[in-house]
Amino acid sequence: MGGLVVPLEHVLLLAGLLFICGLTGLMIRRNVIFILMSLEVMLNAAALAFVAAGAYWGEPDGQIIFLLILAVAAAEVSVGLGLVLQIQRRFKTLDLDQASRMGG
Amino acid sequence: MLQNTVLIPLLPLLSAVILIATAGRLPKRLVATLGAGSVGLSAILVAQLSIAWLDNPVPYSLHLWTWMSVGDFQPGIAFYVDGLTVVMMSVITGVGFLIHLYSTEFMQDDDDYSRYFTYMNLFVGAMLILVLADNLLLLYLGWEGVGVCSYLLVGFWYKDPANGAAARKAFIVTRIGDTAMALGLFLLFTELRTLEIQQLAAAANLQWEPGGNLPILACALLLGGAVGKSAQLPLHTWLPDAMAGPTPVSALIHAATMVTAGVYLIARTHALFLMAPPVMLAVAIIGVATLLLAAFTALNQTDIKRILAYSTISQIGYMFLALGVGAFSAGIFHLMTHAFFKALLFLAAGAVIHCLHHEHNIFRMGGLRTRLPVVFWSFLIGSAALAALPFTSGWYSKDEILLATWTMPWAGPWLWAGGILGAILTALYSFRLVFIVFWGEAKTEPDRQPEWRMAGPLALLCLLSVVGGFIAQPLDQVFPAHQPEHATGAVAWITMGIAILGVIVAYLIYLSKQWSVEAGLNSPGMSRLREFWYSGWGMDRFYDSLFVSPYKTLARIMRNEPIDQLYNGIVQLSLWLHGWLSDQQSGQLRRYAASMVVGLILLVAVLAGAR
Amino acid sequence: MELANLIVIFLFGGLLAWLAEMMMENSARWVSLLTIALCSAYLWRLVGHIPAELFHINPVANQAGTWLMHHQMNWIPRFGVSFELAMDGLSLLLIVLTLFLGVVAVVSSWAEVDHHRGFFQANLLWTLAGVIGVFLALDLFLFFLFWEVMLVPMYLLIAIWGHEGKAHAAMKFFIFTQVSGLLMLLAIIVLVVLSAETLGRYSFSYFDLLQNDLSGGVATMVMLGFFVAFTVKLPGVPFHTWLPDAHTQAPTAGSVLLAGILLKTGAYGLLRFTVPLFPEAALQFAPIAMGLGAAGVVYGAVLAFGQSDFKRLVAYSSVSHMGFVLLGIFAWNHLAIQGAVMQMVAHGLSTAALFMIAGALQQRLHTRDLGAMGGLWHNMPRMGALALFFIVASLGLPGMGNFVAEFLILVGLFQSMPWMAVVAALGLITGAIYSLRLMQEAFQGKPDAHRTLPDFGPLEMTVMIAMVIGLLWLGLYPQPVLDLAQPVINSLTAEVQL
Amino acid sequence: MMTPTELYALAPFIWLSVGVIVLMLQIAFSRSLNGACWVTNLTLLVALYSMVGHDPAGIQVTPLMRIDALGLMFCAVIICGSVVTSLLARDYLKQRPAENEEFFLLLLLATLGACVLVCATHVASLLLGLELLGVALYGLIAYPEKGERSLEAAIKYLVLSGAASATLLFGFALLYAATGTMDFAILADKLDTIQVNSNPIIVLTAAAFILSGLAFKLSVAPFHMWTPDVYEGAPAPITGFLATVSKGAVFVVLLRWFIDGQLYEFRGIILGLSAVAIASMLVGNLLALRQDNIKRILAYSSIAQFGYLLVVLIACGTLTESIPLAREAASYYLLAYIITTLGATGLLTLLSSESARERDHIGDIVGLFWRRPLLSLGFTVAMLSLAGIPLTAGFIGKFYIFKIGADAELWALMSAVIVGSGLGIFYYLRLVFNMTKNPRQVHALPQQTSLEGRSVLLLLTLLILALGVYPQPLMDYLSAIL
């Protein structure tokens, strides 16, 4: 099993850190653009982990999933950006907290 | 002849059913005919029965149907007739008929004429069932039945809440005793497997040691019932209040019949009581204590009916005394004579009240001797019998009781002394009543005279009060042959004559006013004592603060359901949690994300932690 | 299938009543009466076909032929659930009571319900269907089904036609019964699962489950599941608090049904299931159960005395009276159980009548507050006299059914636990206190001179007099009822000795 | 290369895809709401028909999908759910004139995604199905152009769902790193050796991530917070679709992963699931207590319902023998839940179809019982089913839960189920009570909804009752195929 030069744990740790970064962004950001970016980071963290694991096991599966994730992320973000436009038009702001009406 | 026994209680009940069904639509005349007539018919039947039975005085029983049958618990709707039953039935239907007759005039102006006779007939029916019952359960039926009728009749004039209160008091206080009695029934059945009275006696003799715990407990519980119904200490407080009912009711229920049911019960179950000497002693002591207490109280009352009520309590005390010392037939004898003269007194008092615009206070009467002569003579004869002046009926019966009391081992003389003191007091208060009401100056003018339907019964009862002492009761087979011996000598003389002393004292104080007791009576100590006596030895207040008020307070505190607070607490908790959780649901995306992160961290912790 | 028809008649009757009212004003109540009449006639026919000697045979629990009627067919064989209905003397008795009180309920709704009469009658009949199902079902799954299903129409009766606090009351009623019902469902399932180990298959049939050999803590827990559900319905202290609210807020017919029969399903459950299924556990638990019963007797009476709402007072009196039932069942001897059965019937009649009077008063006075009443005897002597009768009946006057019941219970109880009987006997006194207070506040006292109120009409009088006769009959010649229940009790006590 | 058998097995997916393309072309040529609706329904029916005659034993088509009875049954259920949604949506959309035809396009795509999801046995297919479903749903939620609430709901759902997907994928990546497989069935063997050989902490962490991701989709506590907002914001038909099809599909995939991968052998997972389940039952029911928006009530109710359903998975952990029963129970419960929820949201859709406004406030149904007795009766039945009252499908579902809980002796969970049900009664009945309020104001409004909408609702009601009264056939079927 030698597709991976660095130890797997290191890459997973990196992916984990990326994931946490994304999560943190999700929790502290109010601007919808930044939130979408954080989401991308999280997805990419997962993708990175897949690539690393695939390399570790010497299989192409990891890369395939990586490609799928890329496609998915693109789809999500495109719909997301569409919604961002609507939000901007409707609420005149990109601050999600201000666009929130529901609750309780 | 004997199978007609069934008709005796049935007739009044039937009349009551007809009166209920017609619901007051019958004319008064017809109601009166039905109400009084049915009891009169019963009385005739009783007379026939008595005559027939006296020819061949053997107890017999009449089984109608089995009431309920569960395993060996098989009480029947069954009657048992012996001497005691005959005496009781005669008193109930005889005196009962006279009182019904009297009522037809007394209640003439009342709108609820029909309702009155319904209750009265129901009462007579229930009372007859009580004395006819061959088992304690059926007796209990009659027992409770008369209780309810008493409740209904005391509260007959329901529009005044005070009457309702008196009625409820009467029912509930007796109910306390009844509950004890019911427990007694449970105990008797559990131990002896029957409630049939004659079998009970036999079974008890076989299974129980005289003086053992079980007979004592059983008799004590039965005594509880008797004490309640007969208004003896400590459950006597209801009777004076029960005077709120129409006066004929007081005469019938609260003098002649129902209140003596306790005496009847003890006499009926004497076989059991004889196996429990301590209870017998208790009966005697209760009797003496009650008769003294009630006599002192009667001495201070101003309401004519309350005086008579306390006097009733006191006289029943004598009967209890008789039962307690084992002189059962003397007790029943006094029961009968008391029924005569006390009914007479009540009816006479009723006549006074009737003719005096419902005046009850004796100090607003006076001088009626000439204005209401019939009533005066009735009252005088009644009082004489009550005071047990020689050769009246009361004299014979009370004499017998006191003489028997003296011979009771070790406690006898003390009880006798109490009885004698009571006799003086009885004479004193009864003639105080006579002198104040019928002599002196008139304070209220009567507006009418009793007509024949009232006067007739009075006259008949006068006769009975005088000659009642000569009626021989067929009780020899009912009670144990060896009744207590009678005292002789000085004791006998004192016993016989003591009442005269009381009358003389009453004369000196209340009529000739030669003894001025005003000063003594008004001294601070004395007036407080009189106050105390007046209030019936403070028993009402005592019970009120010990039971009634706490119960009411308890009910008031609890009325909003303490247990429900627990469930309300759960509801409040849920709502509070709902509120808190809803607040978290703020609509902020960041917060939602944070909750997910928290969930993730917790899950990781749990999963990794609980390997 | 004959037994199922008893239920089906009511289901369709309800539907018909609903539709009939849409077609024709005021026709629903007639449809209701007809439905009940039809069902009674059908029952009469069924009972007529039962061989007379069966009424004297003790129904052996696992011998279906000894029951008056028995019917079983597969329903959900996947879990051993069958559609099993059976009738013995006890069920027959309670069904007769149900039918009778059904008529009372319809009559009491006659003038009171003034909107959506059709749907009202439908719910009324569906409630009856559920109750009859409860009394007949011998498959525990089926039993639970009826147990829960009858709540829904009852809930609607209270929630739609109830008084001012109906939402809260109906909800409380439903939640109490439902939560305790789920406990019972869990208990039933645990019982079935554990019995399957010895039985080799799943079966919800009463007869199969009677042979369970649960013991120790498990048996106690499972028994408690049943006990709580039934005690909530009974209601026993401390699970009774739904009852005063529900009774008070329900329309008259609802109160009649609740007090008259729904409460009896709890007693029936205790008698039919709790004790026989778990004799050992019940034996150990009996003192506590009896303690709850005695506490209920006294507690209900004290609270009844404190109430100022006519219906609420009567509701608490039910708590007190049903405490006697709990005592009777757990005393577990012939006398006490007979007493408990008797109490179910007698209390059903007397309380139903009192609720009917309460309903009539509310309709006339637009209040249930005793403070606003007084002297009503003057205005309505017929109603007053009837109220008096039922009040003294409910305080246990001999000669009426309630006395027979309470006396039998107490005698029986005295034989097993004398002290408990002493405590319970306090109920005789406290019962008198609140009953007479009710009489006083409502019918006695000073009448309001300006008030003219219509007395009971012929229809109400007919029903009332029927109940009067019923109570007197039960009080003076209860033997037919006792005989009907006796074989059942014989076999119950023979199998289970506490 | 794919064999004809495998291709045949994939027929429903192929037909759905074909339908998507046809619909797209149709819209490109001529816009017609009715036309789009009919094409959609035709597609769905063809797809449904194409499932007839499949081997119930199942066939593995590539490592990605397993077309077995479980999958097929839920495909069928999903397709039926879509039919119901599309029929109800037509009236709903007619009230909201705009370019509405794409709605059906998205609906078909979402259906396809859900169908892929229920057959997924591999991370890749799971990812594809999930995202196909998810992305289509973003569009559906945001569909009503004018609604601010729907926009807000869509962006919230998008962001959070994306985050959940990322979490899920990260978990799978970790699992892949630890085991070297992404196939659920092989996972079981690998996990076995891992459990024996080495420290499974990485596996457990992975499981936690995966569970979190799925828990979000199932909206169980504490991953539930998005649910009410999204339900409320989404157009009524989509609320129903989201609550039933989307959640149902995710639960099936969870069931597959959990049971095929034998993850129930980890005590930690069982413990974690139990905590999540209990929290869901309590939180969901508590949140609904005094809620006045019916969609939010249904959202909270679904949180609780999935809490109950998780008991089934937990039972597998304590009692391995109960796995077949667990599949059966889960299937029955899900079916009952889906039918019931479709019925409940269907009423809201119908009501909202009568006006341009979303009629989802509790005030909107006051007195409904007297205006629309039959519809209200249907809603009442649905509420009773959710509350688990006998004679309804929901009761049988709950019965399964109790049965399996009793088998596995999960007393704490059972207590929570009872407490939760008790709380649940309150708000379900509150809705019923509100429908029966104001009985004196009876004024029937003219019927504006189409016949098929109403008959669909009636059919659902009858189904709820049928499954509650006579559940044996379905039980037999389920126990035979699973």
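By convention in this document, chain letters (A, B, ...) are assigned in the order of the sequence lines, proteins followed by strands, and residues within each chain are numbered from 1.
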Let me confirm one number: the [atom1]-[atom2] distance from [X] to [Y], rounded to the nearest 0.5 Å.
X: D/S150; Y: A/R90; atom1: OG; atom2: CZ; answer: 7.0 Å
X: D/I202; Y: A/E9; atom1: CD1; atom2: CD; answer: 7.0 Å
X: D/L151; Y: A/L83; atom1: CG; atom2: CG; answer: 6.0 Å
X: D/L158; Y: A/L36; atom1: CG; atom2: CG; answer: 6.5 Å
X: A/L68; Y: D/L128; atom1: CG; atom2: CG; answer: 5.0 Å

Heavy-atom closest pair, residues [X] and [Y]:
X: A/A46; Y: D/A166; result: CB-O, 3.9 Å
X: D/T179; Y: A/W57; result: C-CZ2, 3.4 Å
X: A/L39; Y: D/A163; result: CD1-N, 3.1 Å

Could you look at [X] and say if it's the side chain, the backbone, both or neither that has a heavy atom under 4.5 Å from chain A?
X: D/R296; answer: side chain
X: D/Y300; answer: side chain
X: D/L168; answer: neither
X: D/E232; answer: both

Option that, when pairs with chain A are counted at under 4.5 Å, heavy atom only, ranks first among [options]:
options: D/L287, D/L174, D/T167; value: D/T167
options: D/Q291, D/M182, D/R149; value: D/M182
options: D/E152, D/R290, D/K156, D/M225; value: D/E152

Select one option (side chain, backbone, both, neither) describing which atoms of [X] are under 4.5 Å from chain D's heavy atoms.
X: A/I87; answer: both
X: A/I35; answer: side chain
X: A/I64; answer: neither
X: A/V32; answer: side chain

So do the side chains of A/I65 and D/F172 get within less than 4.5 Å of each other, counting heavy atoms only?
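Contact flag for A/I65/D/F172 side chains = no.
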
Could you tell me which residues in residues 12-22 of chain A have at least one non-hydrogen atom under 4.5 Å from a non-hydrogen atom of chain D, sorted by residue number?
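Interface residues of residues 12-22 of chain A: A/L12, A/A15, A/G16, A/F19.
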
So which bits of residues 74-81 of chain A come within less than 4.5 Å of chain D, counting non-hydrogen atoms only?
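Heavy-atom contacts from residues 74-81 of chain A to chain D are A/A75, A/E76, A/V79, A/G80.
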
With respect to chain D, which residue among A/G54, A/A73, A/S38, A/A52 yields the maximal number of heavy-atom pairs within a distance under 4.5 Å?
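The answer is A/G54.
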
Give the member of A/G62, A/A71, A/S100 that has the highest number of heavy-atom pairs under 4.5 Å with chain D.
A/S100

